[in-house]
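Reviewing the structure listed below.
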There are 2 protein chains.
Amino acid sequence: MIQTTSEENYLKTIFHHTGIGNQSVTTNDIAATLGTKAASVTEMLKKLAAQKLIRYKKYNGVTLTDSGKQQALLIIRKHRLWEYFLVEKLKFSWDEIHEVAEQLEHIQSDALVERLDSFLENPKFDPHGDPIPDKKGIIINTDSQKLIDLSEKKEAIVNLVSDQPELLRHLSKIGISLGSKLKVLEKIPFDNSMLLQINGKSKVQVSADIAKNIRVQI
Amino acid sequence: MIQTTSEENYLKTIFHHTGIGNQSVTTNDIAATLGTKAASVTEMLKKLAAQKLIRYKKYNGVTLTDSGKQQALLIIRKHRLWEYFLVEKLKFSWDEIHEVAEQLEHIQSDALVERLDSFLENPKFDPHGDPIPDKKGIIINTDSQKLIDLSEKKEAIVNLVSDQPELLRHLSKIGISLGSKLKVLEKIPFDNSMLLQINGKSKVQVSADIAKNIRVQI
DNA sequence: TTATAAATTTAGTCAAACCTAAAAAATAAA
DNA sequence: TTTATTTTTTAGGTTTGACTAAATTTATAA
């Protein structure tokens, strides 16, 4: 499951274009960001698709799978933790650190990341003010809200879900995952449950207990 | 003048075989250390020779040029500084750090190395007791040895002590300082502690933990 | 001192990640 | 709706650093 540095850079770039939702990004945009040519991007997209890290259909742009999103977030976690280290401990200024962090983010060692995180006392934001994903790849978003508070007819993107394994299992069963677009079709006052439409397709009923544990972003 | 990771690994391996002198090392020995095949080594040797980092004559083994030696020492400097960081700051044990340091040593940034060195307060030895070359690639006399390795009845001069302030305070309290002449009167197998005579006068008992952190020269 | 063995180099392949040029598909304009 | 333009993909190359197999050189032993 370990990516090459190049594969990691592609994942990161795709994530930066598509964000936490399931938006797509074009071959040319990826090439422009990475400073490579479109032809090279196409080749790499095939490799990433074969590993089920992205969804790729010819001439159609790409989106990250849950697995790809997870990988990207963990690389971003490393990048931002190292940036924090460089500024807070080594006294670099915030504008000198990017290039070095680009290298450090590719060091492969789970133990290293976790110990670095502890050593730095679990910072939540990097020196540029961007949030640092936690070890599960969950990223704070201050303008997120609980699904239960979303009003009827409104749409939002699933941002954070609590890390209870049972809840996660249930959600994946009914087709909700990080980045899903939810529309509130109806709120049932009797039990505060909600009728939702997922990604403009399937409809599903969720209890208030569940809706309290999902955070979404408009 | 920047080397690839692979070139850096070859330089480092050659240095570890040839040392600070101008000894030579064979193709096969390099291959064995790196886990590659002799044919691959031959190819790389040509590249390094073209950069004047090694002296290479077919079928004749290689030696490092001054420039190659310098490069190798700076890589070793990085490796050992990162090892020190991993143990002293991130609390890894000394036997878990090698693999990660192998990756970190290839990060390219002069500023990073110098700031890391300052942050660590310019350590002179890594957690395995090996000396850390300074920024010019100058390495402390490698034929100094750890006091703990000195055998009974032998005498030696204190060369360097680790820079832990507490240790330094303790040593000055019992009368050991840079340049003191120590004679090993007795080694106690039970706890590896040592009974020493200092400058032919006072006797003192030091624990194994202390004896590991003092370097002496015969 | 010749025959055998070991070490080293050469020659030819391969995979990864890039490239250019040409073909194909999708999009925009006439 | 055809034509033109842009985007994307395919096809064929290049470089780096590895490989195997065969050839060459050096070292060892009978």
Side-chain angles (χ1 to χ4, degrees), chain A residues 1-15 17-18 23-64 68 71-72 75 102-103 105-108, chain B residues 1-18 23-64 68 71-72 75 99 102-103 105-108:
Chain A
M1 245 292 208
I2 287 174
Q3 267 40 75
T4 64
T5 293
S6 186
E7 286 172 326
E8 291 192 340
N9 283 332
Y10 274 92
L11 283 178
K12 207 177 40 140
T13 298
I14 296 168
F15 181 87
H17 278 95
T18 60
Q23 286 172 271
S24 74
V25 60
T26 67
T27 301
N28 260 2
D29 285 352
I30 296 169
T33 306
L34 285 172
T36 59
K37 293 301 164 72
S40 310
V41 174
T42 300
E43 265 193 71
M44 182 57 90
L45 294 184
K46 287 181 193 167
K47 284 181 206 161
L48 296 176
Q51 294 171 76
K52 300 207 189 303
L53 294 166
I54 62 173
R55 275 176 288 268
Y56 171 56
K57 249 177 68 184
K58 275 195 206 175
Y59 297 102
N60 230 69
V62 285
T63 59
L64 287 168
Q71 297 278 321
I75 298 159
E102 287 286 304
Q103 297 181 61
E105 74 190 4
H106 300 296
I107 303 289
Q108 306 279 179
Chain B
M1 245 291 208
I2 287 174
Q3 266 41 75
T4 64
T5 293
S6 187
E7 287 172 326
E8 290 192 338
N9 283 332
Y10 274 92
L11 284 178
K12 204 177 42 140
T13 299
I14 295 168
F15 181 86
H16 280 134
H17 278 95
T18 61
Q23 285 172 272
S24 74
V25 59
T26 66
T27 301
N28 259 1
D29 283 353
I30 297 169
T33 306
L34 286 171
T36 60
K37 293 301 164 74
S40 311
V41 174
T42 299
E43 268 193 67
M44 183 57 90
L45 294 183
K46 288 181 192 166
K47 285 181 203 160
L48 295 176
Q51 294 171 74
K52 300 207 190 301
L53 295 165
I54 61 172
R55 274 177 289 267
Y56 171 55
K57 248 176 67 184
K58 277 195 204 173
Y59 298 101
N60 230 67
V62 285
T63 59
L64 286 168
Q71 296 280 320
I75 298 158
E99 201 193 332
E102 287 286 302
Q103 297 181 61
E105 75 191 4
H106 300 296
I107 303 290
Q108 306 279 178

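The shown structure was predicted, so the numbers you read here are calculated from the model rather than taken from an experiment. Per chain, numbering begins at 1; letters A, B, ... match sequence-line order.
Annotation: B:Glu99, atom CD; neighbour count of heavy atoms from other residues, nucleotides and ligands within 6.0 Å does not exceed 12.
Looking at B:Ile107 and A:Ile107, their side chains come closer than 4.5 Å, going by heavy atoms from C-beta outward. Inter-residue side-chain proximity for A:Tyr10 and A:Thr4 is flagged as unmet; no heavy-atom pair is nearer than 4.5 Å. Between A:Thr63 and A:Thr18, every side-chain heavy-atom pair lies at or beyond the 4.5 Å cut-off. Here the side chains of B:Ile30 and B:Leu45 are in contact, with some heavy-atom distance below 4.5 Å. Residues A:Gln71 and A:Leu64 form no side-chain contact, since every pair of their non-hydrogen atoms from C-beta on lies 4.5 Å or further apart. Contact check for A:Val62 versus A:Leu48: no side-chain heavy atoms found under the 4.5 Å cut-off.
In this model, the phosphate group of D:dT10 is approached by a side-chain N or O of A:Lys58 to a distance below 4.0 Å at OP1 or OP2.
Counting 5' to 3', DNA chain C first comes under 4.0 angstrom of a heavy atom of chain A and last does so at the ends given by C:dA16 to C:dA26.
Note on residues 43-53 of chain B: pairs passing side-chain hydrogen bond (donor to acceptor under 3.5 Å, both in side chains), not counting sequence neighbours, are B:Gln3-B:Gln51, B:Glu7-B:Gln51.
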(message) Strictly under 4.0 angstrom, non-hydrogen atoms only: write out the protein contact profile of nucleotides 16-22 of chain D, one letter per nucleotide from the 5' end, B, S or -.
(response) SSBBB--

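What separates CG of A:Leu45 from C1' of D:dT10 is a distance of 14 Å, to the nearest Å.
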